[in-house]
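In what follows, residues are counted from 1 in the order of the sequence shown.
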Amino acid sequence: MSLPDFDHPMAITDTDIDAVRLREHLFDHSAGALVTFEGWVRDHNEGRNVISLDYEVYRPLAIAEGARIIAEVSQRVGVRQVLAVHREGALELGGCAVWVGVTSAHRDEAFVACREIIDRIKVELPIWKKEYYTDGDSGWVNCERCASHGHSHGHDHTHAHR
């Protein structure tokens with residue numbers, strides 16, 4: 001993977017996320033903490049066996065909204081740097097779907113900011129996940145934004161929302 005455009009703290013990529021290179025980019029002698037989150041493709045969800053998944057992203061809005069979220073949280077919590085990268089397209093089991101890294105002077109701020117950023121990315125960004133199952137079926141899942149706002153994005157909502 002090429003590294004994201006570091007003029008923007010939020011990136012969308014259709015290639016593998018290189019967590020080692022992203023962590024290296026965030027290294028800062030004035031930071032006392034680096035907290036990261038990696039979301040991986042697992043082999044099950046809601047009682048079904050998953051074989052792969054696909055993310056659809058409205059890229060311009062996802063990047064802009066991701067940067068807005070990062071700026072809001074960074075300013076309020078007081079962190080040094082944040083980078084977030086989300087995959088789009090097809091992913092196999094074990095693939096890294098999303099990565100967030102936060103540096104700060106102290107661990108508490110980094111933990112708080114990382115948690116809020118990933119939680120908000122999952123709910124507020126125009127990113128949709130479709131899972132493919134061992135039984136040959138597939139379905140859109142975890143549409144928290146759709147469920148909480150009553151929106152329909154042209155995909156089936158017969159799945160259960162958590």
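- Scanning all heavy atoms of the two residues, the minimum distance from Ala84 to Ile121 falls at CB-CD1, 3.9 Å.
- The CD atom of Gln81 sits 5.5 Å away from the CG atom of Asp28 when rounded to the nearest 0.5 Å.
- Distance alone, capped at 3.5 Å, places no donor-acceptor pair between the Arg42 side chain and the Gly94 backbone.
- The CZ atom of Arg80 sits 12.0 Å away from the OG atom of Ser74 when rounded to the nearest 0.5 Å.
- Atom CD of residue Glu88 and atom CZ of residue Arg59 lie 4.0 Å apart, to the nearest 0.5 angstrom.
- Trp40 and Leu93 fall into different hydrophobic clusters, where Ile, Leu, Val, Met, Phe, Trp and Tyr are joined by side-chain heavy atoms under 4.5 Å apart, directly or via other members.
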Arg120/Val73 under side-chain contact (heavy atoms from CB on, under 4.5 Å): CA gap, chis, key distance, verdict: CA-CA 10 Å; Arg120 290 184 62 189; Val73 173; 3.9 Å; yes
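- Under the 4.5 Å side-chain contact rule for hydrophobic residues, Leu26 and Val35 do not share a cluster.
- Taking a 4.5 Å side-chain heavy-atom cut-off between Ile, Leu, Val, Met, Phe, Trp and Tyr, the cluster of Tyr132 extends to Ile51.
- The distance from atom CG of Leu22 to atom CG of Leu34, rounded to the nearest 0.5 Å, is 10.5 Å.
- When every heavy atom of Lys129 is checked against every heavy atom of Leu53, the shortest pair comes out as CD-CD2, 3.7 Å.
- Between Cys96 atom SG and Asp18 atom CG the span is 10.0 Å, to the nearest 0.5 Å.
- In this structure, Pro9 and Ile70 approach most closely via the heavy-atom pair O-CD1, 3.6 Å.
- Annotation for Arg107: atom CZ does not count as buried by contact number, only 12 or fewer foreign heavy atoms lying within 6.0 Å.
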Audit row: Asp135, Arg48, side-chain contact (heavy atoms from CB on, under 4.5 Å) steps and yes/no: CA-CA 9 Å; Asp135 64 6; Arg48 301 192 72 184; 3.0 Å; yes
Checking Ile69 against Leu125 for the side-chain contact (heavy atoms from CB on, under 4.5 Å) test, could you report, in this order, the C-alpha distance in whole Å, the side-chain angles of both residues, the deciding distance, and whether it holds? CA-CA 10 Å; Ile69 291 166; Leu125 267 55; 3.6 Å; yes
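- Under the rule for a side chain to side chain donor-acceptor pair (under 3.5 Å), Asp108 has no partner lying at least two apart in sequence or in another chain.
- Of all heavy-atom pairs between Ala31 and Thr103, the closest is CB-CB, 3.9 Å.
- Every pair passing salt bridge (charged side-chain N to carboxylate O under 4.0 Å, His left out) that includes a residue from residues 60-70 is listed here, sequence neighbours excluded: Glu65-Arg68, Arg68-Glu72, Arg68-Glu124.
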Can Val98 and Arg87 be said to form a side-chain contact (heavy atoms from CB on, under 4.5 Å), step by step? CA-CA 6 Å; Val98 60; Arg87 280 291 310 268; over 6 Å; no
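- Under the side chain to side chain contact (heavy atoms under 4.5 Å, CB included) criterion, Asn49 pairs with Thr134, sequence neighbours left out.
- Closest non-hydrogen pair, Val57 versus Ala62, comes out as CG1-CB, 3.7 Å.
- Going from atom CD of Glu38 over to atom CD1 of Ile118 covers 11.0 Å, rounded to the nearest 0.5 Å.
- For Glu109, the side chain to side chain contact (heavy atoms under 4.5 Å, CB included) partners two or more places apart in sequence, or in a different chain, are Val77, Val79, Ser104, His106.
- Closest approach of Gly101 and Thr36 over heavy atoms only: CA-CG2, 4.1 Å.
- Here ring pair (Phe, Tyr, Trp, His ring centres under 6.0 Å) pairs that include residues 54-99, with residues two or more places apart or in two chains, are Tyr55-His86.
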